[in-house]
Amino acid sequence: MDAKYIALAQMAVGGGLMGMAYALVAYGFQLTYAAGKAVNFGQGELVMLGAFTGISLAGSGLPYGVSVLGAMVAGAALGWFVERVAVRLALKQHNEGWILLTIIVGLFALSFVENIWGRDDRPFPVPWPAAPLDFYGISVTWPELAIAMGALGIMIFVELAKRYTMAGIAVQAVSADPEAAELCGVRSSSAISLSWAVSGAAAAFAGTVIGPVTTVGPTMAAALTLKAFSVAVVAGLDSGFGLVIAGIALGAAENLSGYVLGSGWREAPGLLLLILALALRPQGIFGKKIIRKV
Amino acid sequence: MKASRSILAVLLATSFSTVAMAADVVKIAITGPFSGGSAPMGVSMRDGAKLAISQINQNGGINVAGRKMKIELIERDDEGKNDRGALVAQEISSMGDISAVIGTVNTGVAVMGDKYYVEKGIVKIITPAAGSASMTQWSKAGVKDLPIFRFASHDGIQAQMVVEKALKLGFTNVAILHDATNYGVSGRDDLIEQISRQGGKLKVVSVEKFAIGDKDMTGQLIKAKSAGAQAILIWGIGPELAAVASGKEKLGFKVPMIGGWTLSMSNFIDTAGASGNGALMPQTFIEDESIARAKPFIQAYHKAYAVSRIPSPVSAAQGYDAALLLAEAIHEAGSTTPSKIKLSLENLKVTVKGAIADWKKPWSKWNPSNVETHEAFRRATTVMGKVQNGRVVLANPSEKFVLEGTAVK
Amino acid sequence: MLNVENLRAGYSGDDAVRGISIKVAEGSCVALVGANGAGKSTLAKALCGLLIPRAGRVFFDGKEITGLPASEVARRGLCLCPEGRRVFGPLTVEENLFLGAYPRLPSFGPFRRAASGDLQRIYGMFPRLGERRLQQAGSLSGGEQQMLAIGRVLMARPRFMVLDEPSMGLAPVVVKEVFEAIRSLHASGMTILLSEQFARIALALSDRAYIIERGSVVLEGASKDLAENPAVMAAYLG
Amino acid sequence: MFTGVDLGLKENTAERIVRIVLFIGLGALPAFWQGQYALGLLTLMAVYGVLLIGLDATVGYLGQVNLAQAALFGLGAYGTALAVQAGASFPLALIAGVIAALLPGAALALPALRLEGPQFALSTLSFATLSVIVLNESESITHGALGLSIVRPSLFTVALDARGFYWLCLVVLFMSWWVSQLLLKSRFGLSIEALRDSPTATDALGIGTLRHKVLAFAWGSALAGLAGALHALNFGYLQPAAFGYDLMVMLLLGVVFGGRRSQWGAFAGAAVVAMLPNLLSNRTLFSTLVSFGCILTLFPIFRSLISRKVPAFKEAAPAVAMAAALILSLFANNVEEWRKGIFALFLFAAVVGLPDGLAGAVVSALHKLIRFTPDPLPPVSGGFRPAGISVSEPLHVLKLSKSFGGVRAVDNVTLDIGQDEILGLIGPNGSGKTTFINLVSGLYAPDSGTIEIAGTRPLPGSLMSASSAGAARTFQNLQPFSGLTALESILVCQHDGGKSEAMGWLRVVALEEKARQRCSEMSYGDLRFLEIARALATRPRLLMLDEPAAGMSKPDIARLVDLVVSIKRAGVPILLIEHHQDVVAELCDRVAVMDGGRLIALGTSDQVRHNPKVIEAYLGADDDHTSVQSKSEPQLC
């Protein structure tokens with residue numbers, strides 16, 4: 001094959017794999033939005049905290065898998081905490097305060113990490129082989145593959161749990177009609193807390209698989225949050241696996257436009273498309289149309 | 001009512017006070033990014049300077065016209081942001097009793113803020129910001145009397161050395177990669193200028209940039225690789241440099257990286273790991289205790305801040321030496337007045353033994369047509385360093401004499 | 001079994017329920033009859049905890065449940081089948097039914113076995129739900145949704161069912177089917193409070209009834225007697 | 001109880017006096033408070049003030065999270081800087097800045113403002129990121145990351161020094177404040193507030209949602225450009241990176257902290273944004289401030305402890321946050337390094353403890369201390385005038401259908417309303433009446449069938465289009481403009497006429513005494529009447545009332561009946577959904593009955609009452625073959 005096309009394919013594949021990372025973080029947005037119509041703008045900070053927790057656990061000699069699990073437990077606790085202190089109150093007052101409160105909690109997390117773990121980026125040690133894989137001239141590293149597998153894995157796991165456990169079905173019920181769910185004996189607030197905890201665990205998991213690719217640092221959150229938020233909104237905040245497609249598309253589009261137009265323009269076409277997509281389909285490409293009731 | 005009035009009084013007094021406190025201290029300000037992306041440089045610089053100052057204070061302070069005066073520090077975080085930097089400069093320059101300022105990492109901050117020092121005639125030693133614009137802005141403006149000095153191997157020197165090294169290694173085709181900040185862009189311009197100045201023997205086959213925070217450099221590297229680059233000349237800071245190194249590894253693109261001194265930052269070396277080996281960069285200082293001159297400083301730093309490695313050794317050593325030079329200038333001026341300190345900085349009589357070198361009259365009277373008059377570093381005081389197994393070592397061990405050097409100029 | 005004392009409730013502005021007292025004995029079927037907007041649904045919601053009453057008290061099994069959250073009321077066995085059906089549209093019929101039994105089922109463990117007996121019973125009662133068990137509830141017709149809503153409540157094994165406007169928006173044929181189901185429930189011993197705008201059918205089904213107009217009880221008594229009362233005619237067309 | 005001192009002041013006058021005093025004070029400040037730093041901070045505060053007043057137009061008044069303001073600020077700054085480089089004079093450079101932000105702002109507004117909530121936030125965020133990319137990459141024009149240096153031109157031969165420039169910024173701030181105030185108190189501003197409370201109602205009443213949103217956004221953008229112009233002239237050096245995410249978050253926090261929907265709030269926010277990072281670098285001052293804040297947050301806790309309640313989360317959280325900040329500011333090894341965290345705690349306490357922001361808290365405190373004299377009510381005039389052209393067929397609906405999910409809500413309905421007619425639409429709950437009105441008024445687009453209002457066919461699914469065809473409606477669930485007064489609610493709905501005409505409409509519904517009451521404080525019955533007055537103020541050719549008597553007391557229902565009769569007399573045909581059969585019988589010329597989405601009967605009230613289909617629909621299942629009777633239950637009738 002022509003070297004030029006191989007290069008383009010390399011860019012698309014690399015971007016798509018990174019796009020899975022966006023989708024994974026976006027999935028966290030989706031989980032909380034479905035349950036309580038709120039998203040955590042500090043989600044990126046949860047990813048970062050998860051990554052740092054994972055590094056610390058791995059650094060204390062625990063095997064990788066155990067560190068990941070530990071980070072997820074910590075992430076779940078944090079997700080629950082954010083809902084409790086920042087979101088529930090503001091939603092009760094019916095204002096947009098929760099947007100700011102989640103940003104503020106994220107800011108605190110950033111400061112906390114800077115002072116506890118330091119400001120430097122650091123590599124995340126992983127047990128995977130260091131040498132990249134080669135598919136017909138396209139290199140893919142193991143950590144990149146781990147993102148894709150991990151993202152799909154956790155999404156499938158949570159989606160299955162949503163379908164095949166009562167807690168999951170209850171969360172869906174609360175998202176469809178909280179009052180009717182209450183009538184079934186489901187405590188809406190617990191269901192919402194649960195989805196925030198799962199969202200937090202997913203974020204922490206994201207940190208442990210994204211960290212090995214991007215390195216781990218206090219500022220790793222900012223870029224991720226924005227990209228993931230874009231993916232979540234464009235796919236539709238209630239669209240399940242639409243995220244994966246939107247994520248891969250955004251990641252690949254970024255890489256390809258950076259390659260073709262020059263690296264400074266990397267994000268531009270994606271953003272332009274995003275504004276257009278929203279203008280044409282406000283509920284997201286895969287989202288369901290909202291019926292206004294009066 | 002009374003209580004609230006007194007609180008108000010406290011607020012006003014503490015925030016807006018311009019009255020000098022005790023008269024037997026010398027007030028020096030340190031500014032730089034102590035938070036955010038370039039914090040490792042800012043913090044190392046600050047801690048290096050503070051180390052020098054605490055050593056001076058432990059010895060009773062500076063002898064100013066027969067009086068021992070302790071140094072009082074004022075620290076301001078400019079967060080690496082230009083307008084915040086400008087406000088910090090405004091604040092410090094209107095304090096009224098500041099003798100001198102040390103600092104600045106980000107060239108943009110220097111460009112935006114230093115004019116306030118110049119207006120007030122306050123002495124500033126820029127370190128470790130290496131961007132050319134920090135000094136050339138004054139020669140372009142034709143400023144006659146400049147209180148700004150630089151204590152860093154500026155990009156002009158560094159670019160010169162990088163190009164020399166590439167030529168020496170026998171390369172003909174190179175790619176330039178740089179970050180999208182002021183530092184990276186001006187570094188790119190310096191490199192291109194140096195290539196033509198050194199005979200245009202290097203062909204730049206690709207120029208690519210990357211943004212702060214980018215982790216995936218495959219696109220830039222594929223272009224460089226397919227254009228046939230034999231080396232990558234690079235201007236950026238730690239985390240992104242590491243991403244370039246690991247991207248090269250991923251693509252199996254085994255060409256050397258030669259770039260600015262920032263390739264010695266720990267956040268590059270640690271993050272890049274094995275893929276960072278072999279990166280070459282100009283150094284004014286290497287954290288290597290086998291160098292006799294550097295050893296006491298390195299040990300003192302490690303002890304004072306309980307670390308085993310300095311985040312940015314160059315910044316730390318430059319901050320340390322800059323503080324020593326400033327203290328000497330105040331002593332020689334016999335005054336805490338900035339204008340007098342400026343005069344003695346331009347004409348230092350005593351050779352100052354620093355962690356980097358013995359500094360003998362590093363600066364001279366400002367000449368707008370020659371920025372070198374206020375630049376302390378020369379080509380000859382800078383060596384090529386190389387990353388090897390997580391440490392920076394001399395690329396050419398025979399250059400060790402430069403770092404051990406007894407006298408410069 | 002249920003004892004409501006002088007309940008007042010409403011959303012905004014004036015009370016929609018203005019001091020209603022009702023009693024429902026165990027095993028009986030009591031109807032709340034009245035035109036649209038008379039306050040029946042508000043009363044039902046206030047009973048079951050979806051709406052916090054402004055005054056008055058509600059006792060269930062002799063224990064006060066005024067102001068308890070709806071989930072807690074439901075867990076005590078007082079279950080509301082709400083107005084407008086309120087099935088979970090995106091979920092399947094079967095998932096809707098499982099949700100009815102939510103408090104009994106393990107949150108994270110296998111739950112199908114635990115509920116399968118009840119599920120079969122519901123499918124026996126409403127065979128069409130069985131046929132559509134894996135279909136999304138939102139795609140069902142109105143009558144099927146109403147059956148699903150009733151089935152969902154039954155899954156909770158309630159001791160007391162409040163049915164709010166089960167006939168709403170349904171075609172007459174379907175209404176008959178729904179009421180047949182309610183009748184057989186009552187026959188099997190379930191205690192029922194039925195809020196219904198169709199007076200004839202409600203009175204035919206119930207033992208006792210309250211006629212409600214503008215938030216107050218205007219008539220009460222045995223359904224048989226009320227069915228012959230001329231004032232009742234005025235209540236449902238006026 | 002203490003009700004406040006009556007100073008005989010009108011609130012507006014008082015506000016104006018305080019504002020003028022503030023500006024004179026700020027203008028005089030450099031005389032007392034010397035130094036470049038002070039001037040620098042004050043200038044920055046004035047520039048941010050302009051910027052935040054602009055941001056408040058979207059964040060406060062439109063109620064949307066706008067993340068583009070920092071980028072628009074940057075675009076304005078670059079516009080000015082480039083104009084200066086091209087040799088433009090001072091005023092021209094300012095104008096260039098405004099245009100550089102206004103044009104892209106308006107271009108963004110068109111697609112973005114169709115969106116709400118997270119989607120809106122995201123589109124503005126994308127725009128912001130795009131702008132910074134363009135500024136960074138257009139190296140030949142903007143010098144990209146190297147930055148653009150300019151020298152401030154002189155203003156009409158006067159070379160401004162730092163103090164002169166500060167005064168200029170202050171004047172610009174004052175003007176922006178004043179114009180914003182005028183604009184947002186005008187009908188335009190009222191419309192914006194109305195559409196935030198209920199976009200459905202504003203569209204249905206023909207006020208128009210998008211147009212106002214775009215204009216408000218454009219005004220905000222213009223101010224961003226102006227602020228950017230001042231910023232460029234102030235610092236003389238620009239870099240694209242300065243206008244990114246960090247600044248945006250600071251601005252957003254500034255607006256919320258200061259208090260939304262108030263120029264005072266924007267100003268307070270600007271002061272905080274400008275001063276805070278600088279104050280935080282001074283440890284003593286900072287600890288003092290934090291202790292002060294800590295004491296303030298303890299008050300609500302004491303209050304609830306005195307009234308023997310467990311302090312709610314809302315009261316306890318700010319105190320906890322402030323206490324944590326105090327501990328950090330006193331004991332952390334390096335406060336500088338914890339600054340962001342302390343800053344976050346600070347903001348957390350403010351956002352939770354002061355939901356209306358600094359300005360909101362101060363205003364409500366002042367209202368407790370001082371009683372202001374209300375403005376006199378405007379005189380009454382107008383009222384019913386002939387309702388324009390009377391049309392022979394105000395409403396013509398043909399074979400209209402609409403389903404939701406598996407449910408056919410409206411099924412093949414054909415219906416006309418004649419001139420001077422009141423048509424009652426009745427039917428059991430869930431029979432599709434409200435869906436029918438929603439279709440006619442354009443809230444939903446029909447699946448099939450046509451709607452003709454006063455001879456024109458509005459666009460399907462467009463409230464605005466139906467309204468401009470002449471339809472007006474009320475809502476079953478009230479859609480009040482909660483932030484407006486009764487008078488203002490009418491004013492926004494009027495296509496012509498002023499306050500006295502609006503008072504006229506209030507008199508029609510006997511609410512003129514409550515003209516100054518806020519809708520959020522009005523009783524339910526009054527709001528129902530106000531909705532009718534709102535609809536009338538649009539001078540409709542067809543009025544649709546959706547359960548106007550629901551939840552009303554008996555005397556109010558009598559009032560309603562009189563009102564509807566007088567509306568009919570004035571020549572407005574009415575489609576009336578009503579549950580109260582006596583009301584229907586009394587008012588309606590004809591009655592249409594719906595059941596299960598279908599129209600089952602149409603005729604006079606009496607005809608319909610005796611129609612067997614209707615009786616069946618209302619009584620329930622037919623007797624003959626129900627299982628109910630087959631089990632030998634007691635029979636009815």
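Nothing here was measured: the structure is a model prediction, and the numbers come from that model. Note on naming: letters A, B, ... go to the chains in the order of the sequence lines (proteins, then strands), and numbering restarts at 1 for each one.
- Per-residue heavy-atom pair counts under 4.5 Å with chain A were compared for D/A112, D/G144, D/S126, D/S123, and the maximum is reached by D/S126.
- Partner of A/S193 under the side-chain hydrogen bond (donor to acceptor under 3.5 Å, both in side chains) criterion, out of A/R84, A/R187, A/R88: A/R88 alone.
- Both the backbone and the side chain of D/F127 come within contact range of chain A, judged by heavy atoms closer than 4.5 Å.
- Side-chain atoms of D/S138 do not come within 3.5 Å of backbone N or O of D/I141 as any donor-acceptor pair.
- A/N115 contributes a side-chain N or O that, together with a main-chain N or O of A/S111, makes up a donor-acceptor pair within less than 3.5 Å.
- Interface remark: A/E114 contributes side-chain atoms only to the contact with chain D (heavy atom separation under 4.5 Å).
- For a residue to count as touching a neighbouring chain, one of its non-hydrogen atoms must lie under 4.5 Å from one of that chain's; by this rule A/L278 touches chain D with backbone and side chain alike.
- No donor-acceptor pair closer than 3.5 Å links the side chain of D/Q119 to the backbone N or O of A/V233.
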Check the pair A/K227 / A/E254 against salt bridge (charged side-chain N to carboxylate O under 4.0 Å, His left out), numbers first and verdict last. CA-CA 11 Å; A/K227 297 280 163 53; A/E254 267 184 14; 3.4 Å; yes
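- For A/L237, the part lying under 4.5 angstrom from a heavy atom of chain D is the side chain only.
- At a 4.5 Å heavy-atom cutoff, the contact between D/L115 and chain A is made by side-chain atoms alone.
- A ring-centre distance under 6.0 Å is not found for A/F108 and D/F348.
- Contacts of D/L125 with chain A are made by side-chain atoms alone, with heavy-atom separations under 4.5 Å and no backbone atom involved.
- If you measure heavy-atom distances from A/V39 to chain D, you find no contacts under 4.5 Å at all.
- To the nearest 0.5 Å, the span separating CD on D/E547 from CD1 on D/I437 amounts to 9.0 Å.
- The most heavy-atom pairs under 4.5 Å with chain A, out of D/V249, D/T435, D/L345, come from D/L345.
- Options A/L271, A/V105, A/L276 differ in how many heavy-atom pairs under 4.5 Å they form with chain D, and the most are formed by A/L271.
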